[in-house]
Amino acid sequence: AAESLRGYAAREFGKQGVQPGELAIISKESVAPYERPALSKGYLFPQNAARLPGFHTCVGSGGEKLLPEWYTEKGIELILSTEIVKADLASKTLTSAAGATFTYETLLIATGSSTIKLTDFGVQGAESNNILYLREIDDADKLVAAMQAKKDGKAVVVGGGYIGLELSAALKINNFDVTMVYPEPWCMPRLFTAGIAHFYEGYYASKGINIVKGTVASGFDADANGDVSVVKLKDGRVLDADIVIVGVGGRPLTGLFKGQVEEDKGGLKTDTFFETSVAGVYAIGDVATFPMKLYNEPRRVEHVDHARKSAEQAVKAIKAKESGESVAEYDYLPYFYSRSFDVAWQFYGENVGETVLFGDNDPAVAKPKFGTYWVKDGKVIGVFLEGGSADENQAIAKVARAQPPVADVEALGKEGLDFATKI
């Protein structure tokens with residue numbers, strides 16, 4: 001199961017009351033559930049780096065840290081280093097790679113996503129040493145070891161999304177010479193507008209990060225030890241590299257359940273309680289396509305905030321079913337955030353419609369604060385804010401949920417953040 005998910009699910013089972021022997025958590029990882037976001041942030045700090053047991057769940061949301069002993073005390077069985085390779089939902093049986101079988105009454109699918117690898121596409125030389133990915137704690141340990149072995153070296157980061165931006169910052173803080181490579185016209189294109197990206201690209205450049213856009217890595221050369229030494233780009237350019245980090249996305253891990261449950265939008269289709277088309281089988285986090293009440297349509301969301309909240313909702317629903325009680329519908333507001341260097345942004349709602357930039361998105365300003373509203377059908381439906389205070393971030397969340405009408409889009413740009421804080 002995906003790391004953050006299982007810890008939050010376990011905590012909710014603990015809150016709802018779980019009998020010893022009632023719950024088992026099966027994971028192919030070798031450690032108790034931890035907060036995955038730490039891997040691209042605190043885990044890579046040059047000083048005072050985060051290490052387990054410091055970031056076991058549920059510290060990421062200000063909750064209690066669940067050490068392995070917590071599970072033991074609650075009578076929850078942690079079955080670690082165990083990969084499930086077959087799931088037969090009809091007979092309610094799971095089979096591990098080692099051939100062990102597990103039967104269940106209720107199944108909670110929290111498999112998360114797998115990382116898309118360059119070897120999947122047969123990219124030449126992609127199997128060289130020190131071409132790294134980041135999804136699990138083992139990956140983070142490999143990256144830390146490579147950073148130590150290639151101290152103050154050259155790093156190439158392939159991909160301009162979340163992982164690309166966060167890891168470029170982490171490598172730079174660790175004194176690497178960093179080049180980012182991505183094919184899109186600007187970074188984080190799934191969320192950022194050109195105006196938003198203008199700030200972050202300029203800010204990263206001011207930190208000494210080189211950015212190469214509009215091309216992809218087409219091959220790699222390695223030295224006599226098999227360590228990567230050169231990244232070849234499709235546009236003919238060649239970059240020296242001691243470490244390559246690849247962040248080109250993930251795929252929801254639904255393969256075990258193909259043909260056994262209804263699917264939708266690349267995920268397992270669930271109701272508002274995260275129950276699939278098979279009674280007693282629930283799916284949460286990245287793999288679930290659930291009814292998003294706010295927009296009245298099925299959605300699949302890849303973010304830790306939804307992972308935590310969907311875990312809690314599913315467990316509440318499982319326990320309520322046992323007691324015959326009812327549970328409120330899942331009413332999720334999409335939320336994304338990131339931190340790197342001294343900047344931090346938050347986004348709430350939907351990024352569709354006309355965009356209105358407010359504030360100053362000049363990367364050279366000392367204390368950056370700017371944002372963007374998305375306006376559709378005369379209403380504000382999405383808000384992005386860099387450098388917001390806790391109150392201001394709360395205000396933009398309220399706007400995204402309330403979807404207030406806007407008469408004059410030009411005036412909205414001038415009014416800027418005030419529009420949100422007065423609502």
Practice problem: Keeping the roles fixed (side chain from Glu297, backbone from Pro291), state whether a donor-acceptor pair exists under 3.5 Å. | Solution: no
Practice problem: Drop me the distance from Asn130's CG to Asp223's CG, to the nearest 0.5 angstrom. | Solution: 9.0 Å
Quiz item: Just wondering, do Lys151 and Asn175 contact through their side chains at under 4.5 Å, heavy atoms?
Solution: no
Quiz item: So, Asn351 side chain and Arg190 main chain: donor-acceptor pair closer than 3.5 Å or not?
Solution: yes
Quiz item: Under 3.5 Å, is there a donor-acceptor pair linking the side chains of Glu29 and Tyr34?
Solution: yes
Self-check item: Leu44 versus Asn174, closest heavy-atom pair with distance
Solution: O-ND2, 2.8 Å
Exercise. Sort out for me which residue in Glu35, His303, Glu12 forms a side-chain hydrogen bond (donor to acceptor under 3.5 Å, both in side chains) with Arg308.
Key: Glu35
Quiz item: Would you say the side-chain atoms of Gln313 pair up with the backbone N or O of Ala328, donor to acceptor, closer than 3.5 Å?
Solution: yes
Practice problem: Please check if the side chain of Ser40 supplies one atom and the backbone of Ile163 the other of a donor-acceptor pair under 3.5 Å. | Solution: no
Self-check item: Close aromatic pair by centroid cut-off 6.0 Å: Trp345 and Phe199
Solution: no
Quiz item: Side chains of Thr215 and Arg237: donor-acceptor distance under 3.5 Å anywhere?
Solution: no
Quiz item: Is the count of non-hydrogen atoms from other residues, nucleotides or ligands lying under 6.0 Å from Lys265 atom NZ greater than 12?
Solution: yes
Exercise. Would you name the heavy atoms of Gly195 and Asn361 that are closest together and state the gap between them?
Key: O-ND2, 2.7 Å
Quiz prompt | Heavy atoms of other groups near Glu105 CD, more than 12 under 6.0 Å | solution = no
Self-check item: Closest approach of Lys86 to Leu256 (non-hydrogen atoms, all atoms of both residues)
Solution: N-CD2, 3.6 Å
Quiz item: Could you walk me through whether Phe384 and Phe347 pass the ring pair (Phe, Tyr, Trp, His ring centres under 6.0 Å) check?
Solution: CA-CA 4 Å; Phe384 176 98; Phe347 166 83; 7.1 Å; no
Quiz item: Rounded to the nearest 0.5 Å, how far does CG of Leu268 lie from CZ of Phe257?
Solution: 7.0 Å
Quiz prompt | Neighbour count above 12 (heavy atom, 6.0 Å) for Asn296 CG | solution = no
Practice problem: Answer yes or no: does atom NZ of Lys142 have more than 12 heavy-atom neighbours from other residues, nucleotides or ligands under 6.0 Å? | Solution: no
Practice problem: Give a yes or no on whether the backbone of Ala390 and the side-chain of Asn393 come within a donor-acceptor separation of less than 3.5 Å. | Solution: no
Practice problem: Look only at the side chain of Lys269 and the backbone of Thr289, and say whether a donor-acceptor pair between them is shorter than 3.5 Å. | Solution: no
Quiz item: Looking at Thr276 and Tyr282, what are the two nearest heavy atoms and their distance?
Solution: CG2-C, 4.2 Å
Quiz item: Should Leu417 and Ile396 be marked as a side-chain contact (heavy atoms from CB on, under 4.5 Å) after you check the CA-CA gap, both sets of side-chain angles, and the distance that decides it?
Solution: CA-CA 8 Å; Leu417 191 53; Ile396 67 165; 4.1 Å; yes
Quiz item: Just by modelled atom types, is the Val287 backbone N or O under 3.5 Å from a matching donor or acceptor in the Arg300 side chain?
Solution: no
Quiz item: Heavy-atom count around Lys150 NZ within 6.0 Å, excluding the residue itself: above 12?
Solution: yes
Exercise. With the side chain counted from C-beta on, respond yes when Ile318 and Phe13 share a heavy-atom pair under 4.5 Å apart, and no when they do not.
Key: yes
Quiz item: Would you say the side chains of Asp141 and Tyr43 form a donor-acceptor pair under 3.5 Å?
Solution: yes
Exercise. Count the heavy atoms belonging to other residues, nucleotides or ligands that lie under 6.0 Å from CG of Asn225, then report whether that count exceeds 12.
Key: yes
Quiz prompt | More than 12 heavy atoms from other groups under 6.0 Å of CZ on Phe45 | solution = no
Quiz item: Is Tyr330 close to Lys293 at the side-chain level, that is, under 4.5 Å between some pair of heavy atoms?
Solution: no
Quiz item: Strictly by modelled atom types, are Asp305 and Tyr332 linked by a side-chain donor-acceptor pair under 3.5 Å?
Solution: yes
Quiz item: Between atom CZ of Phe192 and atom OG1 of Thr355, what is the distance when rounded to the nearest 0.5 Å?
Solution: 14.0 Å
Quiz prompt | Atom pair CD (Glu350) and CG (Leu333), whose distance is rounded to the nearest 0.5 Å | solution = 10.0 Å
Sequence neighbours excluded and cut-off under 3.5 Å, please list the side-chain donor-acceptor pairs for residues 366-373, or say none.
residue, atom, partner, partner atom, Å
Lys369, NZ, Glu392, OE1, 2.7
Lys369, NZ, Glu392, OE2, 3.0
Tyr373, OH, Gly416, O, 2.7
Tyr373, OH, Ala420, N, 3.4

Exercise. Could you walk me through whether Ile245 and Leu134 pass the side-chain contact (heavy atoms from CB on, under 4.5 Å) test, one step at a time?
Key: CA-CA 8 Å; Ile245 306 235; Leu134 187 64; 5.6 Å; no
Self-check item: Chi angles and distances behind the side-chain contact (heavy atoms from CB on, under 4.5 Å) call for Val158, Val248
Solution: CA-CA 7 Å; Val158 177; Val248 291; 4.2 Å; yes
Quiz item: Does Arg135 offer a backbone N or O that forms a donor-acceptor pair with the side chain of Asp139 under 3.5 Å?
Solution: yes
Quiz item: Val343 versus Glu386: any side-chain heavy-atom pair under 4.5 Å?
Solution: yes
Quiz item: So does Lys41 pair up with Glu166, basic N to acidic O under 4.0 Å?
Solution: yes
Quiz item: Taking Phe102 as the fixed residue, which of Leu107, Thr82, Thr95 is the one that meets the side-chain contact (heavy atoms from CB on, under 4.5 Å) rule?
Solution: Thr82
Quiz item: Where the side chain of Glu64 meets the backbone of Val59, is there a donor-acceptor pair that is under 3.5 Å apart?
Solution: no
Quiz item: Is the NZ or CZ atom of Lys117 both under 6.0 Å from the centre of the six-membered ring of Tyr133 and within 45° of that ring's axis?
Solution: yes
Quiz item: Any chance the side chains of Tyr8 and Ser61 put a donor and an acceptor closer than 3.5 Å?
Solution: yes
Practice problem: Measure across Ala217 and Val231 and return the closest heavy-atom pair with its distance rounded to 0.1 Å. | Solution: CB-CG1, 4.0 Å
Quiz item: How long is the gap from CZ on Arg6 to CD1 on Ile76, to the nearest 0.5 Å?
Solution: 12.0 Å
Quiz item: Any Lys/Arg nitrogen of Lys28 or Asp138 sitting under 4.0 Å from an Asp/Glu carboxylate oxygen of the other?
Solution: no
Quiz item: Hey, does Leu39 have a side-chain heavy atom less than 4.5 Å from the side chain of Ile137?
Solution: yes
Quiz item: How many angstroms lie between atom CZ of Phe176 and atom NZ of Lys154, to the nearest 0.5 angstrom?
Solution: 11.5 Å
Practice problem: Any chance you could lay out the side-chain contact (heavy atoms from CB on, under 4.5 Å) test for Arg51 and Val144, step after step, and finish with the verdict? | Solution: CA-CA 12 Å; Arg51 287 290 176 271; Val144 169; 3.7 Å; yes
Practice problem: For residues Lys207 and Ser168, determine if any side-chain heavy atom of one lies less than 4.5 Å from a side-chain heavy atom of the other. | Solution: no
Quiz item: Just checking, any donor-acceptor pair under 3.5 angstrom between side chains of Ser340 and Tyr203?
Solution: no
Self-check item: Donor-acceptor pair, side chain of Ser229 and main chain of Asp221, under 3.5 angstrom
Solution: yes
Quiz item: Are Leu108 and Val315 side-chain neighbours, meaning at least one heavy-atom pair lies under 4.5 Å?
Solution: yes
Quiz item: Shortest non-hydrogen contact from Val304 to Tyr337?
Solution: CG1-OH, 3.7 Å
Quiz item: So do Leu94 and Thr101 actually touch side chain to side chain, heavy atoms under 4.5 Å?
Solution: no
Quiz item: Looking at Glu22 and Lys319, does any basic side-chain N land under 4.0 Å from a carboxylate oxygen?
Solution: yes
